Structure formats: C-alpha cells, structure tokens
Amino acid sequence: MQKVCLTVNGREVSAEIDERTLLLEFVRDVAGLTGTHNGCLEARCGCCAIEVDGDVVKSCNVLAVQVDGAEVTTIEGLAPQRLAPVDHITTQSLAGMYRPLEAVRGTPEDLHPVQSAFHRCHAVQCGFCTPGMVMVLKDYLEENPEPTRDDVRRAIAGNLCRCTGYQHIVDAAMEAAAEMRGDPVPEGAAHAMTAAVDGG
Amino acid sequence: MTEAPAHPTGTAPRLVGTSVPRKEDLALLTGTARFVDDLRLPGMVHARILRSDVAHARVRSIDTSPALEAPGVLDALAGAELVGKVKPWGDLMQDLLVGDHFPFATDKVLYQGQELAAVVAETRYQAWDGCEAVRVDLEELPAIVDPEEALAPDAPLIQEQIVYEFGEGNVFDRYKIRVGDFAAAEAGAAVVVRQRFATNKQAGAALDPHGCVADYDSFTGVLTLYSSTQSIYMVRDVLADVLQIPRTKIRVIVPAVGAGFGSKAQIFGHEVIAALFSMRLGRPVKLTLSRADVFRAGTTRNAQVRYAELAMAADGEIIGYRDYIVHNTGAMSVWGNQVVHIGTNVGMLPYAIPNIHVDSDIVHTTTAPGGPLRGFGIPQTIWAKEQLVDMAARELGLDPLAVRERNVIDPDEFPYRTPMGHVIDSTSIKQCLLASADAIGWDAPRAPHEGKGLAVSMKYTSARHPSLDTDLSAVRLRLETDGTVTVYSSDVSHGQSHATMLAQIVADGIGVGIEKITLAPPDSMTAPFGLGTYASRGAAVLGTACRLATERLRDKILAIAAHVLEVGPEDLDTGRDRVFVKGLPDSGIYLEIIAATAAYRTHQLPPGFEPTLETVATYDTPTEREGSDGSGNLSVTYSGAAHAAHVRVDPDTGRVTVVDYAMVHDTGTVINPLVVEGQHHGGFAMGLGMALSEDYVYDAQGRQLNASFKDYLAVTAPDVPELTKTAEIPAPSTMIPGGQKGAGESGTGPVPAAIGNAVFDATGVRFTVLPITPQRMLVALREKERQGVETLRYPDDMPDFTGPRRHDDWPAPVSADADLDFDFDWEDD
Ligand code: FES
Ligand code: FES
C-alpha cells in the first residue's frame, strides 16, 4: 500500500492504495469520477483518456503511483456548470428548466465546444467512447486549431468507436475547431435544430 | 391526426422526421451517465472468473479450496458443486432448444475462455489473486477450429452430453430451403456460376465490456441484477429458470449500455455466477469482464463456408440459387442456428429468385460461441450471392449494374410476395441501386489499381424467429400530474436513441414539449413485457407500440378536456402542452391541469372515466412462422440498402483502401434523419471490419491469438472513407402505421460484397475468404502474376488449396435425409 495524492479537476484527492492501482482506477474508484471509462485496459481503445499536467494520456496505462502529485482533468472537469442553475420553475410549463438547443454552444458556463459540437452533430451513440474522444480532441484542437478532416482522423486513431463509423465525430471536431478558433459556427450548419432538450 | 402546417398557428411543428438532437447526449458527454462498471453499491464486493486457457479438454479436477485461503477472498465456486442445483440453459426464452449452457465447465471444456471457477473477494485485486490460487487439472483434447473438420465422421465429439432434435455428432441443427426446382433452373440456365465462399468470425467488440452487479436482498428474497444487456426479460426469465426461483423475485435493471450489436442479446454465465455469489453472501457482487474475456466468451459473428451456385438466364435474369452452408456456431450457442435461418431467408432479397435449394449443417467447433451480430447472417449470404451475381454477369458479358437493375424487386403492385415468401410492402431498392452507382461514377473509367463494385441487400425489420414465435414490444405511458410524460419500455436503448425517438412520437401525438418527456430506465419490475432491442426493431416495432399507446393517451386526454370545455373531442386539438378548441390555439387547458384532474380531482372527470392517465400498448408484428420448406415472411417489412464501393489496391503493400463509398437506403419514414444516418455509418464501419480486417485467429490448439485490441484489428477512424454519399430514398412501410423500417443493420449487409466486387474489378482477384487482408492480397497478386492469368480466385486457385475445385467434388450435406421434409407424419408412426 502506498499513499498517493492527486489534484483531480481542481480538488485534492489522496488515498492509501494498492501499488497495482491504475490511474484509471484511482480516478474512478478513489476520486469517484466514473466518466472515464475502462474499455480495454490495453491502451488501445482510448475510452480512458484524461489530461495529466496538461497532456492527454490513456489512464489505463499509467500507475497512480507514477503520477503522484499531478494535476488531472477528466471529462467531468470540462463542463462544471453544464446545467444552467434553475432559478425558478414555472408551474405551467416548466420552461425555465429547459433551454432551447440553439443555446447549447461552447461557453464557459455551458459545455466545452467539443462537447456541444458532439451534441449538434450526433457524434454520440452509445456514448461509451465519448469521454475519451472528447478529451483527446480537446487536447488536439488546442494545439492544432486548423486541422483537416484527415488530421482529425489521425488524431483519434488511438480511440475506437464501434457505433458511429467516426463520420459524425469528425464532423463535430471540425465544428468544434471552428468554434474554438472563434470563427462563426454556421447557423444550423449541418442539422436542423427544432426542439428543446432535457437538461437532465 | 392531420399534418401540421409549416408555420404553426398554435401546434408545435411535427418532430417525427426532424433531426432533433438527442435527449441522451448531455449525460454521456459530461461523464455523468452510469454504465454498469460505474455502479458502486454499499458493501459491494468483486468477483472474477477463472477461464480455461485451453480450448478442448476433459476436466480432471478443479479445486477452489486454496483460493478460499487467499487474503480477502469470501467465496469461490466451480461447476461440480452446482450440478443438480442450477438448471442448464441454452434456449432463447425457455424450454425451446437444449440446455448446453452451464455456469462452469463440469466434465469438459469446450472452448478457450469457458468458465472453470470463480472467486469473490473484497477487492478486485484480491479476486484476481484468488483465481490464481485455484488448482485446475485438465486433460487436453484435440481442438476443432475448422467447421468442415467438425463434420468428419472421425471428428472428436464436442458436445458429448446433448441429444439434438435435428442433428447428431457435431451437427447441432440443420436448415434447408426448397423453393421451386433448382435442377430445372440449372438445366435452363445460360450460365451457372459456382464458388466456395468462407466468411470470418467477427467480434461485436462493444467498447463497454459485458458485466453486471447482482444484489440479493436476503430479507425479501429479491435478486436485483444490474446488467449490460440488450434484453431484460430474456435475462430475467432464463435466470429465474436457471436458479429455479419465481420471476417476481428477480429484478433486472439496465444502466447505460455501451452498445451490443447483438453480442449482449442473451444471458451469459457471468450473470448467473454473480447472482449465485450475491445469494450466498447476501452482498452486492460486481463482475465485469476483461477485454480478453469479452473476446473469448462473448458471442461472435457465425463464420460460414458456403458452396454457392447461381443460375442466370442469357438475358441476365437470376433463375436459381443453390447453397450448402456449413455454419459454425462455436462450442455452444443460444442464437447461432437462427442466424442461418433468417440470414439466408432474408438474404435472398432483393431478388425474387424462383428456384432456391439450400442445405445447411449447423456445427459446433471448439471456438468462441457464435451468436447474433449486426446483420444477423445477411452479410454472409450477401457476400456469397452478390459476388456470384457479378461472376455470372461477367461470364455473360453483361454489366453488373444492368443485371442488378433487371433483377431487383420492382413490382407493379404492393404487397408483393416473392417465391421465397417475403411479403414486400414497399421498396425503392431499384432507385437506391441506380442512385448509388451514379454517386460513385459507375460508368467512369477506372484508374490503374482501382475498381468499383456494387451490392444490394434488404434487411428484415425485426423478425419472427423460428425458435421464438413472437415479435413483440410494448410501451406504457404516463402523463404525470405536472404535465410531463414518462415512457416505460423494456427494450433497452444502447445507442439507438430511444429516449429521443420515442419522445418525438409522443410529442407529436399529444402536443407535449419533447423536453418534458422522459424514458424510464429499463427495469423488469416496472416495464411492460417486450423482447428487447435487436434485429433493427426499435423504430418500427417499439415505435409502433409507442404510437398506439400515445393514441390511447390522447383519446383519454381529449375525453377529459371535452368534458371540461363542454365540446366534443373531435373539436379539440393538442399542441404546446395544452388541449385547445380547434382554431383557438392560444386558449385551452394545460396538460398538467388535465393530468392533475385525472389524479387529484376525480370528481371533475367525465362520468365513468377511469382515473389516471396511463396507457399501455403492445405491438406484435403480423409475421409468419417459417414453413417446412424454409419459406415464409419472417419480417413485417424490409429496408433496402444499395451500396457502391470504389477501392484502390496498393500492389506493393496489398492494402485495400476504400476511396469512395455510396450508400443509398430505403428506411421507410425516418423519425430522426441524423440518427438514422449515424446508424448507417456505424453499420458500414462494422461491414468494413468484416471485409478488410476483423477476424478471430486461432492456432491449431484452438487458442485465440488476437483476443485484444492490440491484435484484433478493429476499424479506426483513418480506415473509414468520408461517408458523405449516404442518402435515403424512402418507401414508407405500409405495414407499420408510422411507415418506419429498420435502420440499425441495413448499413452492414452489402459492405463485404460491394468491396469484394470492387477488389475484383481493381485486381482481377476474386476473394473467396474474408477478411481481405494485405497479406492475402499480396499472395494472391503474386500467384496471379506467376500463373500469368487475367483472373484468379483466391484461395481456390492456389496450388495448395485443398478444397473442392469442381462441382462434382462438392460436399453433400451430412444429413442423410436432407431432402426429406421435417414434417412429422404422426399417423404413420
Ligand atoms: S481502457 Fe485505456 S485505452 Fe482502453
Ligand atoms: S458511441 Fe458507442 S463506441 Fe462510440
């Protein structure tokens, strides 16, 4: 057993752990953040990608003891305010709880641009690969603001998705890149948005 | 209901048919969705299964007692102590086939990865250590990896204990089709093309590993099982049977499921084992499979060997199809034999072939269990049949596009019944075919090393399985007392977007905002009985149940509103969360008032009105059982898929690159276009893996050499071409009230064949095995050059190919009575 202390999404987490504990397990079991997924434990699927001291890593391939003292950001750290605070619920329509989808853009109080683009482009099906995809793309797009579609495909070559065929994920990455550059995102770009979405 | 005007005067725009972004997404995007491995219950302990490392062996002894000494270990189990206490299973629901499944190997190990023992401990690592302490003594037996070897009279017998109804030896079941007269078609044909085709064993490899948490309450006797499954009632009913406890004492709840593709459409040993441990300990037990476990013990696409023949008239008409299929279901299989039935029956489409003669021996090998996987036998059939179409067309000097155009179903009148028995209620397959060919520039000249290929298929939309005479889904709706709506269903959404799709239907039906509709998590204690989510049944079958429940709810709502407003229900309309008198959309009563009336102010209800606003509806498709000649309409409607592939083959590396790909589909009336497009993309990617890279590789001892994502070549983003040529030409179903057809699997069916045909066009090599790997391509290209031939069949034209080369040498079905009917004549007996 060994004591390990990490800063996870800005919060200090420490515990006595079995030396075999993976960083992935530390995040999930000790920090209690289960958005980072275990899809293989072989460093192949990318479901476990998180940021450690600013670099994206596959957390199943790192022992927690190796990164003692590090700053870690997980998917839960990307959008801490993902739901607008509910100030008041109108008894007649509950409208206050639900914002129209057009409002779901990447803003600090909302979602990260990669997350919101995933939503608009239907880059999520079962969603198991999604947190890892989002973490990898966030890191990649911060360093490569003007990628081509092929660049994006190579950037996520270490992340498997069995559901989407990757097409909508690449669509989303391109939209997110534009939004992160500050380019205007074409209104209703690929997809008609006609309704509001459940905040929960 | 009439179509709402484009600019609504009170009613909200119709949502069915629009790409409503999904209600599921926020939880999945922010990491708050809970998959089964994310569950943590108070006092929860961890189990691990010790699996066999050898494929075929006699069990001498398995001793779990040393594990019990290991630190933290709470309990251990092996097969011997369960014999006579838990019931074997092996059927789809209950008592239909044979009990070839048991939580652990008892007398024999039948495949690598089979359960030998299990250990439960305080922590995961202690459970691992405990498994290592279990003492196992096995006597290894010869493995059978090749399904044709399993048929040899002297082949070692795999399942020794089981007496099969229709098979013997390693033949587990048989299947046949006798439609028309193939011999006559053969005699009258201008050309008969014949080829032996083999298909691969592909993994579903859903990223969310199979797993469960079992939580037994020793006070109430209720066992709650949280499981990553596609069907709560299949799991509940089989588990109740296995444990011999009442169904009301088992509650199956499904958290978020990270996809299945068919690989989670049955109960597994780990679910039984976790349940047993929890019942013994009275504590919650988590059991999650590792990736290698999922490869070795999850189900796979059934590999097939097909001796296929196609008879064509001089004008290109397809007049006959014959096939002898050796269908490899692995060591044991719940669904495996169904795959060849439905995959072959429906795989005859989109042609109305008049003469069909098929035999199949469904065999066991000492390999991982076979089962359903996206496409359910159709990609295998299409791989053979659509390549034969090209081969015949080329022999007759006809254009493969023209031949397909001549043959695809395009009747003057619907419904149209094919000789095989399919009832086609509508189709646009011909337009899809032409559009797909056009999209890749079919007529344009090919660059060197490039080629184009076509393939068409039709896919069932749910199905009446021969072993399971039902095709049922159900939905219950409740208008809550604040005007929100809860939808209950047992059909698990694991990527199919049920929460959004069903909400679109309900929102249109009763005029409630989509944001106020919630899909309850599947829970066998509360959900109405339905079969589950597989077979592309969500939109059409579950959707129809939802539509019916919505109509019933609407009728009840209108009855209350009519009473309160003192008008007739026919004068009312709904929209924007209220019921209003037609033409007065800004007045009216909010749904929440109506709902509250039905619950809290029942005196104000119309006389005789049954309080509460809850409705339930089921939908069981009007499909047929399979006839004794194999014919029958197994599906309520059929979606169409026409694919056109443009590939480039690198002669130096052997790598096949799909440079352009067009998919034109008929999915009927689409509820959510973006979701359906996503299904087609995903279906394509799975077909691409089947075509070019994915397969189980076994050594001679039956050990899988690639049970990890390191070695199993799952499709990655750079492998996939831009799928911008994905289009719909909808021919709405007339059987399904909303017009829907199944979307989930139609993207997979034609892919290997379209790529195979394109590869031939590019290289002159007709691949007869899957996948078309760079290694195989290089060998084939060299051999073609060495022989100095224009075309080559690989591997059939290889010098060391040992399979039959002439039709006379082809194997016959092993069943002596393959031509006799299965009909039993009770009188004569
Ligand atoms: S779990 Fe880490 S890469 Fe798959
Ligand atoms: S959405 Fe299911 S694995 Fe990517």
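Hydrogens, waters and symmetry mates are skipped; everything else that's a heavy atom, side chains included, is used. Computed from a prediction, not measured in an experiment: that's the story for all the values here. So that the names make sense, note that chain A is the first sequence line, chain B the second, and so on, each numbered from 1.
Looking at A/Cys47, only its side chain comes within 4.5 Å of chain B, counting heavy atoms on both sides. In this structure, no portion of B/Ala596 lies under 4.5 Å from any heavy atom of chain A. The contact between A/Gln115 and chain B is made by backbone and side chain atoms together, counting heavy-atom distances below 4.5 Å. There is no contact between A/Leu41 and chain B, counting heavy-atom distances below 4.5 Å. Heavy-atom distances place the side chain of B/Arg40, and not its backbone, under 4.5 Å from chain A. The contact between A/Val124 and chain B is made by backbone and side chain atoms together, counting heavy-atom distances below 4.5 Å. With a threshold of 4.5 angstrom between heavy atoms, A/Thr130 approaches chain B through side-chain atoms but not through N, CA, C or O. Looking at B/Phe35, only its side chain comes within 4.5 Å of chain A, counting heavy atoms on both sides.
Under a 3.5 Å cut-off, the side chain of A/Tyr166 and the backbone N or O of B/Val715 do form a donor-acceptor pair. Without hydrogens or angle criteria, A/Arg44 side chain to B/Asp711 main chain gives no donor-acceptor distance under 3.5 Å. When atom types are taken as modelled, the side chain of A/Arg162 and the backbone of B/Leu207 share no donor-acceptor pair closer than 3.5 angstrom. A distance-only check finds no donor-acceptor pair linking the side chain of B/Arg291 to the backbone of A/Glu42 [under 3.5 Å].
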With side chain to side chain contact (heavy atoms under 4.5 Å, CB included) as the criterion, how do B/Thr716 and A/Ile156 come out once you've worked through the C-alpha distance, each side chain's angles and the decisive distance to 0.1 Å?
CA-CA 8 Å; B/Thr716 64; A/Ile156 56 170; over 6 Å; no

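One finds the CG atom of B/Asp25 at 11.5 Å from the OG atom of A/Ser116 (value rounded to the nearest 0.5 Å). Taking CG from B/Leu26 and CG from A/Leu111, the interatomic distance works out to 6.0 Å, rounded to the nearest 0.5 Å.
Closest of all the heavy-atom pairs between B/Phe261 and A/Cys163 is CZ-SG, 3.7 Å. For A/Arg28 against B/Asp37, the heavy-atom pair with the smallest separation is NH2-O, 2.8 Å. Of all heavy-atom pairs spanning B/Tyr125 and A/Arg20, the tightest one is OH-O, 2.8 Å. Between B/Leu674 and A/His168, the shortest heavy-atom distance links the atoms O-CE1, 3.6 Å. When all heavy atoms of B/Phe709 and A/Cys40 are compared, the closest pair comes out as CD1-CB, 3.8 Å. In terms of heavy-atom proximity, B/Arg22 sits nearest to A/His119 at O-CE1, 3.2 Å.
In this structure, B/Thr30 and A/Ile75 have side chains that are not in contact, with every pair of non-hydrogen atoms separated by 4.5 Å or more. For the pair B/Thr726 and A/Gln167, the minimum side-chain heavy-atom distance is 4.5 Å or more. With a 4.5 Å cut-off on side-chain heavy atoms, B/Ser228 and A/Phe128 do not count as touching. For the pair B/Val675 and A/Gln125, the minimum side-chain heavy-atom distance is 4.5 Å or more. The closest side-chain heavy-atom distance from B/Glu677 to A/His122 is not below 4.5 Å.
When each of B/His681, B/Gln504, B/Gln496 is scored by its heavy-atom pairs under 4.5 Å with chain A, the top score falls to B/His681. Heavy-atom pairs under 4.5 Å with chain A were tallied for B/Pro718, B/Pro721, B/Gly258; the largest tally goes to B/Pro718. Of the residues considered (A/Val114, A/Thr21, A/Asn159, A/Thr36), A/Thr21 shows the highest number of contacts with chain B, using heavy-atom pairs under 4.5 Å. Across B/Ala206, B/Gly747, B/Ala717, the residue that shares the most heavy-atom pairs under 4.5 angstrom with chain A is B/Ala717. Top candidate by heavy-atom pairs under 4.5 Å with chain A, chosen from B/Thr123, B/Asp208, B/Val720, is B/Asp208. Ranked by heavy-atom pairs under 4.5 Å with chain B, the first of A/Cys45, A/Gly39, A/Ala155, A/Ala43 is A/Gly39. When each of A/Ala157, A/Cys129, A/Gly32, A/Pro131 is scored by its heavy-atom pairs under 4.5 Å with chain B, the top score falls to A/Ala157. Contact tally against chain A (heavy-atom pairs below 4.5 Å) for B/Asp719, B/Leu723, B/Leu591, B/Leu688: the top residue is B/Leu723. Chosen from B/Ser708, B/Ala685, B/Ala256, the residue pairing most often with chain A at heavy-atom distances under 4.5 Å is B/Ser708.
A salt bridge links A/Asp29 with B/Arg124; the closest basic N to acidic carboxylate O contact falls under 4.0 Å. Note on B/Glu722 versus A/Arg149: salt bridge recorded, some NZ/NE/NH1/NH2 to OD/OE distance being below 4.0 Å.
Atom CD of A/Glu16 is surrounded by more than 12 heavy atoms from other residues, nucleotides or ligands within 6.0 Å.
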